[in-house]
Amino acid sequence: MRLRKVICAAALVCLGALTAPKAQADSVVYSNFTSGMSFNNGLSFSINQSTVIVNGTVLPPETIAVQFTPSGSFTFNDAKLAMALSSGTNTLNVYLESDANGMPGSILEGIQLSGLLPTTAPGVVEASTSTGTLIAGTAGADMLDGTAYWLVAYAPVAGTSAAWDLALGPDTCAGAGGTTIDCDMSTALSTDGGSKILSNLAFNTIPSATGPWTLAPAAPRPAFQIDGTMKSSPPPAVPEPASVLLLGTGLAGMLILWKRKRTAV
């Protein structure tokens, strides 16, 4: 009787292992950083709330948005941007927005970062609910297969100017089985000692986080990365045939052992 209980417990453990959903690790959903999170720290877009003068250059108000498309179904975790504070208050709003006919659409998630932008040299800044304050939308917004999204950088305080540095390498995104694939949206252009990616970029000079926008399809792309968790698919209702066969073989061996033991007694 005791051995029979052991056999039943082992069977339940095996069935649980076959049907339990697998844990999903965080993935780089989309990135154009090169090795070591490198980027072009010599060229950048300005993100300004109002007209400012930085190093003798007059910079108009401007909000920048860059488009990307996930290769799979993910939950948004964070965005990483190559940025620095040029002048003014160290506050930046980062938005994940939907796509509306090739332009930024509605805000899905908004994070306000305070005091995080580097002030001496550009660095990689993480925008997530753990580093900043959720100011719009819902944390952990879903990304659907084949759907375009926009990452928007907006300076909310008058007099603030931030620099969003350009990318050096091609855009990549997460592929099947944890692989990384090239997901350029158009052609790479080698200038100024680096390769810049030409694809969908939009801006406005109102400035506003929601537009209206002007599309700049031939503009170089700023450096950014989107991290997320691949959405789990539900476990199968029944184990696969090969798994059932393996389980059945193992249980048959245990049952034979139990019968032999009874015969020997």
Is any side-chain heavy atom of [X] less than 4.5 Å from a side-chain heavy atom of [Y]?
X: W213; Y: T63; answer: yes
X: N40; Y: D165; answer: no
X: N204; Y: Y154; answer: no

When hydrophobic residues are tied together by side-chain contacts of less than 4.5 Å, even through go-betweens, does [X] share a cluster with [Y]?
X: F203; Y: L166; result: yes
X: F224; Y: L92; result: yes
X: L117; Y: V66; result: yes
X: L134; Y: V125; result: yes
X: W150; Y: L108; result: no

Do D99 and T147 meet the criterion of a side-chain donor-acceptor pair at a distance under 3.5 Å? no

For the pair [X] (side chain) and [Y] (backbone), establish whether a donor and an acceptor sit closer than 3.5 Å, ignoring hydrogens and angles.
X: T133; Y: I135; result: no
X: S46; Y: L59; result: no
X: Q49; Y: A155; result: yes
X: D227; Y: D78; result: no

What's the spacing between F39 CZ and L81 CG if we round to 0.5 Å? 10.5 Å

Where do [X] and [Y] come nearest, in terms of heavy atoms and distance?
X: G140; Y: T75; answer: O-CG2, 3.4 Å
X: Q67; Y: A148; answer: NE2-CB, 3.6 Å
X: P60; Y: T51; answer: CA-OG1, 4.1 Å
X: S27; Y: F74; answer: CB-CE2, 3.8 Å
X: G132; Y: L113; answer: CA-CD2, 3.9 Å
X: P122; Y: N41; answer: CG-CB, 4.1 Å

Classify the angle between the aromatic ring planes of Y30 and F68 as parallel (below 30°), tilted (30 to 60°) or perpendicular (above 60°).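 Aromatic pair Y30/F68 classed tilted.
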
Using the side chain to side chain donor-acceptor pair (under 3.5 Å) rule, take S128 and N77 through it: C-alpha gap first, then chi angles, then the decisive distance, then the call. CA-CA 7 Å; S128 69; N77 289 347; over 6 Å; no

Please evaluate residues L116 and M83 with respect to the criterion side-chain contact (heavy atoms from CB on, under 4.5 Å), reporting the C-alpha separation (whole Å), side-chain torsions for both, the decisive distance (0.1 Å), and the verdict. CA-CA 10 Å; L116 293 182; M83 304 211 64; over 6 Å; no

Contacts under 3.5 angstrom, residues 156-164 side chains, donor-acceptor by atom type, not counting sequence neighbours:
from: T160; atom 1: OG1; to: T89; atom 2: N; distance (Å): 3.1
from: T160; atom 1: OG1; to: T89; atom 2: O; distance (Å): 3.0
from: T160; atom 1: OG1; to: V157; atom 2: O; distance (Å): 3.3
from: S161; atom 1: OG; to: N48; atom 2: OD1; distance (Å): 2.5
from: W164; atom 1: NE1; to: A223; atom 2: O; distance (Å): 2.9

